[in-house]
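Comments concern the structure below.
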Amino acid sequence: MSIRNALLNTRRIASGPMRRLQVQRLAARGCAPLYCLFYHRVADTHPNDWTISCDRFAQHIDYMRSQFEMIGLDELQRRVRQKDSHRPAIAITFDDGYAENSRFALPLLMQHKIPCTYFVSTQHVLTGRPFGHDQAAGVPLPVNTVEELRAAAEGGVEIGLHTRTHVDLAGVDDADVLQREITDAVPELADLIGRRIRYFAFPYGLPQQITQAGVQAVYDAGLEGFCSAFGAYNLPGRDAYHIRRIHGDPDFSRLRNWLEFDSRKLKIEPELRYSLPAPPQPIAPK
Ligand SMILES: [Zn+2]
């Protein structure tokens with residue numbers, strides 16, 4: 001363990017009673033934190049920054065199952081909207097769609113009936129073309145096929161959209177790009193999988209990718225929410241359309257630090273600037 005992680009662990013353990021008290025107080029008001037994790041690839045070959053080993057992933061799942069309720073994105077949103085969160089819970093997501101996930105991670109989640117939302121980019125699914133970031137690293141890792149995604153959906157995994165070509169939408173407000181990457185990709189993915197698509201995850205998921213035009217395109221496509229990936233908590237009372245995610249960090253001490261509710265993270269969370277149309281108001285009877 002690095003010195004930094006040893007310090008983090010010491011601080012986490014020392015602040016444990018205070019953190020538990022904070023969570024208890026939030027839970028008593030129906031405002032317990034709701035965590036949404038994102039993973040990319042679970043495999044024992046070609047380790048990289050976006051891969052976690054099978055053993056380590058299984059350790060994460062064991063820990064989470066023992067400490068938290070495991071829920072889907074729709075239930076997470078419901079609890080945020082209705083301030084009905086009386087116990088911390090976790091939702092699991094994956095981005096990109098790596099073939100190896102169909103060998104270990106997804107079967108493990110299905111076996112334990114753990115809800116999961118799995119975000120893919122339609123062009124990569126259709127062509128089998130590896131991601132640019134893997135090609136750049138010299139390791140063109142295999143991506144999921146349509147058949148693998150259909151099998152996952154059959155097993156209860158929800159498939160979500162991660163754009164058409166895994167484009168970086170930072171600063172993009174070009175209507176043609178948004179049409180191609182989001183608006184048209186939603187029915188394209190729905191046709192491929194044979195199911196309705198409800199959620200979207202912005203590639204890279206940082207504040208600069210999450211623009212007003214991008215969020216508007218997601219909303220106009222009829223989707224029920226979008227995911228960021230810069231590390232933040234879902235607390236009841238906040239905007240539920242935006243699902244804030246935390247990295248499923250292979251470093252267990254960092255992951256636990258997030259999942260034991262580190263309130264200092266709230267102070268350094270970046271602010272997103274977007275607005276959505278108000279939901280239609282019922283017409284008052286005359
Ligand atoms: Zn991605």
Side-chain angles (χ1 to χ4, degrees), residues 35-43 46-52 57 60 73 91-102 105-106 109 116-146 148-149 152-153 157-172 177-178 180-186 188-189 192-193 197-211 213-215 217-218 221 223 225-232 242-250 255 270 272:
Y35 309 105
C36 184
L37 298 191
F38 67 92
Y39 293 90
H40 285 93
R41 178 172 175 265
V42 179
H46 304 298
N48 59 26
D49 286 349
W50 46 96
T51 296
I52 176 171
F57 182 72
H60 281 194
L73 296 187
I92 300 273
T93 69
F94 277 77
D95 281 3
D96 294 356
Y98 283 104
E100 290 98 333
N101 295 334
S102 289
L106 293 179
L109 295 174
C116 170
T117 305
Y118 198 83
F119 293 101
V120 297
S121 299
T122 49
Q123 264 304 297
H124 291 275
V125 177
L126 280 167
T127 63
R129 199 176 64 233
F131 289 98
H133 46 263
D134 293 319
Q135 287 174 324
V139 186
L141 297 165
V143 297
N144 284 117
T145 62
V146 178
E148 285 166 345
L149 296 178
V157 172
E158 174 149 19
I159 307 297
L161 180 67
H162 198 41
T163 71
R164 188 159 182 271
T165 65
H166 203 272
V167 64
D168 182 345
L169 290 172
V172 172
V177 174
L178 295 170
R180 212 167 45 235
E181 293 289 342
I182 299 175
T183 319
D184 294 346
V186 171
E188 184 180 37
L189 183 56
L192 280 179
I193 307 302
I197 305 301
R198 298 194 298 164
Y199 295 102
F200 179 82
F202 280 92
Y204 312 101
L206 299 174
Q208 60 262 36
Q209 275 91 29
I210 301 165
T211 60
V215 173
V218 171
L223 300 187
F226 71 86
C227 292
S228 62
F230 51 77
H242 171 200
I243 297 159
R244 298 152 181 83
R245 298 188 299 174
I246 298 166
H247 180 211
D249 199 320
L255 181 67
L272 290 193

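For ligands, and for the atoms within them, numbers begin at 1 and follow the listed sequence. The chain is numbered in sequence order, starting from 1. Side-chain atoms are counted along with the backbone in the values below, which use heavy atoms only and exclude waters and symmetry mates.
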State the atom name: nearest N, O or S atom of D96 to the Zn ion (ligand 1).
-> OD1

Of the backbone and side-chain N, O or S atoms of D95, does one lie nearer to the Zn ion (ligand 1) than 2.8 Å?
-> no

Taking R244 for its side chain and H242 for its backbone only, find out whether a donor-acceptor pair lies under 3.5 Å.
-> yes

Could you tell me whether any N, O or S atom belonging to H40 is less than 2.8 Å from the Zn ion (ligand 1)?
-> no

With no hydrogens and no angle check, do the side chains of E188 and T122 hold a donor and an acceptor under 3.5 Å apart?
-> yes

Looking only at heavy atoms, what is the nearest atom pair of H166 and Y204, with distance?
-> ND1-OH, 3.4 Å

What angle sits at the Zn ion (ligand 1) between NE2 of H162 and NE2 of H166, to 10°?
-> 100°

Salt bridge (Lys or Arg N to Asp or Glu O under 4.0 Å) assessment of D95 paired with R41 | CA-CA 8 Å; D95 281 3; R41 178 172 175 265; over 6 Å; no

